[in-house]
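Structure first, then comments.
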There are 2 protein chains.
Amino acid sequence: MTSGLRERKKTATRLALHEAALRLVAERGLDRVSVDDIAARADVSPRTFFNYFASKDDAVVGLDPAGPAEQAAAFTARPTGESPVEAMRAIARETATRMAEDPQLWPLRLQVVETNPALVAKLAAAFSESDRVLATAIAERTGTRVDADALPMLLAGVAGAAMRTSLHRWFASDFTASLPGLVDEAWDAVAAGLPG
Amino acid sequence: MTSGLRERKKTATRLALHEAALRLVAERGLDRVSVDDIAARADVSPRTFFNYFASKDDAVVGLDPAGPAEQAAAFTARPTGESPVEAMRAIARETATRMAEDPQLWPLRLQVVETNPALVAKLAAAFSESDRVLATAIAERTGTRVDADALPMLLAGVAGAAMRTSLHRWFASDFTASLPGLVDEAWDAVAAGLPG
DNA sequence: CGCATGTTTGCAGTTCCTGCACGTTTGGCC
DNA sequence: GGCCAAACGTGCAGGAACTGCAAACATGCG
């Protein structure tokens, strides 16, 4: 899969920068960590940092830049019998399962993000970008247009809301709850039209 | 309402800075406008700029910082007979009506935001903050807890998705569509459980 | 080996943003 | 009107984020 040495080194460096950023911010707080600090702990030059992340915040949040596109592809690949809502729900559940697999990374990420308001904003922006990509995929699958019909953006946005809600409850439960279970609950409520 | 001279001057300065930022960015694009440019056009010192906005981006987007709290208050003030969904829908419609009243400001804002990716991110962050405040209000009204129950964040998030979708479609229609009408469509779809 | 291509790094420079200190304006009070 | 306290505007100094450029360096491939 990751064949060449070059690519392996790149992903290793990216991960090293992300983990360095995450741990430093967990220890000291966002504004007591500089890009130079992060670069130093990851053993690269400060200039190199910006070859991997566009900003300090991005390095801390450290999301896979290919994530949204992969989700969109997964959505497109769902069986044609499924309704758009069923398909979105299915990939949300898959994503949740994958997130919950690593008992360290996502909990630490969420802990650090919830503690630093600027990062909450960054994560929201990342979700919004993901929504945008997913909306395009939904439009293609359903033969609608993002600009004209409500469904694509609405469904993508609701999916994002369901995931954010579930992540928050997962965090609030100290990661003892089942993330896929929380995702299911959220989608049940959505499918029922959000009963009060 | 706005009694003192002091307060009137403050809101005037804030508005001047926002309009300066908006028009300059509309003309040249975000990265060809500096804070100094904005301050100069608004006739204040660069240092004063930061007494009104925390960042250049915030000045361009220029949302009322009291907006989320006002929405939450409006939600709390809805008749007790209404379900949470009905109440949220009602204030969404009110908000949409108010936005559509000014035929200049919101269209220009949306135009500028959609043209500059960094601003899309900022707007998403602002919506997320609004969601957070609304979720708290929903929890209080329904006797649930934001940390434990899905409804507060989920409903707030869905409301945000409905508004973002409607704003996008309004923009895509060149502002010829009725924004409250689009909001109604979005909420109809949500209430029906997002049929495909 | 040796070339083409991609990656790292240092450096100079711009812009954003903040803390601090000081002068000016405003509102309340007599 | 005159006075005081609080709020506001401004200049300055400085740290940190980020970018473009060009020179070294590493890797893949023939």
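Computed from a predicted model, the values in this text were never measured in an experiment. The sequence lines fix the lettering, A, B, ..., with proteins before strands; numbering per chain opens at 1.
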For the side chain of A:R47, counting heavy atoms from C-beta on, which of C:dC11, C:dT15, C:dC17 is nearest?
C:dC11
Could you tell me how far apart B:E7 (CD) and D:dC8 (C1') are, to the nearest whole angstrom?
13 Å
Kindly point out which of D:dG11, D:dC18, D:dT27 is positioned nearest to the side chain of A:K9?
D:dT27
C:dC11 P sits how many Å from A:D36 CG, rounded?
13 Å
Most 5' of B:R6 and B:A54 on DNA chain C, judged by nearest nucleotide:
B:A54
Rounded interatomic separation in angstrom, taking CD1 from B:I38 and C1' from C:dC17:
13 Å
Rounded to whole Å, please give me the gap between CG in B:D57 and P in D:dA17.
17 Å
Could you tell me whether A:R98 and A:E101 have a side-chain N and a carboxylate O separated by less than 4.0 Å?
no
Any donor-acceptor N or O pair under 3.5 Å, side chains B:E140, B:T76
no
With nearest nucleotide decided by heavy atoms, which residue, A:S55 or B:N51, maps closer to the 5′ end of DNA chain D?
B:N51
Inspect the contact between A:D31 and A:K56 and indicate whether a charged nitrogen and a carboxylate oxygen are less than 4.0 angstrom apart.
no
What nucleic acid atoms does B:T48 come within less than 4.0 Å of, heavy atoms only: base, sugar-phosphate, or nothing?
base
Does B:K10 place a side-chain N or O at less than 4.0 Å from the phosphate oxygens OP1/OP2 of D:dC8?
yes
Measure the distance from CG on B:L30 to C1' on C:dT15 and round it to the nearest whole Å.
12 Å
Check the phosphate of C:dT8 against A:Y52, side-chain N and O only, distance under 4.0 Å to OP1 or OP2. Yes or no?
yes
B:R14 CZ to D:dG9 P: how many Å, rounded?
12 Å
Separation of D:dC8 atom C1' from B:R8 atom CZ, nearest Å, is 16 Å
May I ask you to verify if any side-chain N or O of B:K56 is less than 4.0 angstrom from the OP1 or OP2 atom of C:dT15?
no
Value in whole Å for how far the C1' atom of C:dC16 lies from NZ of B:K122
12 Å
Short side-chain donor-acceptor distance under 3.5 Å, B:S128 and B:D131
no
Any salt bridge linking B:D184 with B:R89? Criterion: basic side-chain nitrogen under 4.0 Å from a carboxylate oxygen.
yes
Between C:dC17, C:dT15, C:dT9, which nucleotide has the shortest distance from any of its atoms to the side chain of A:V44?
C:dT9
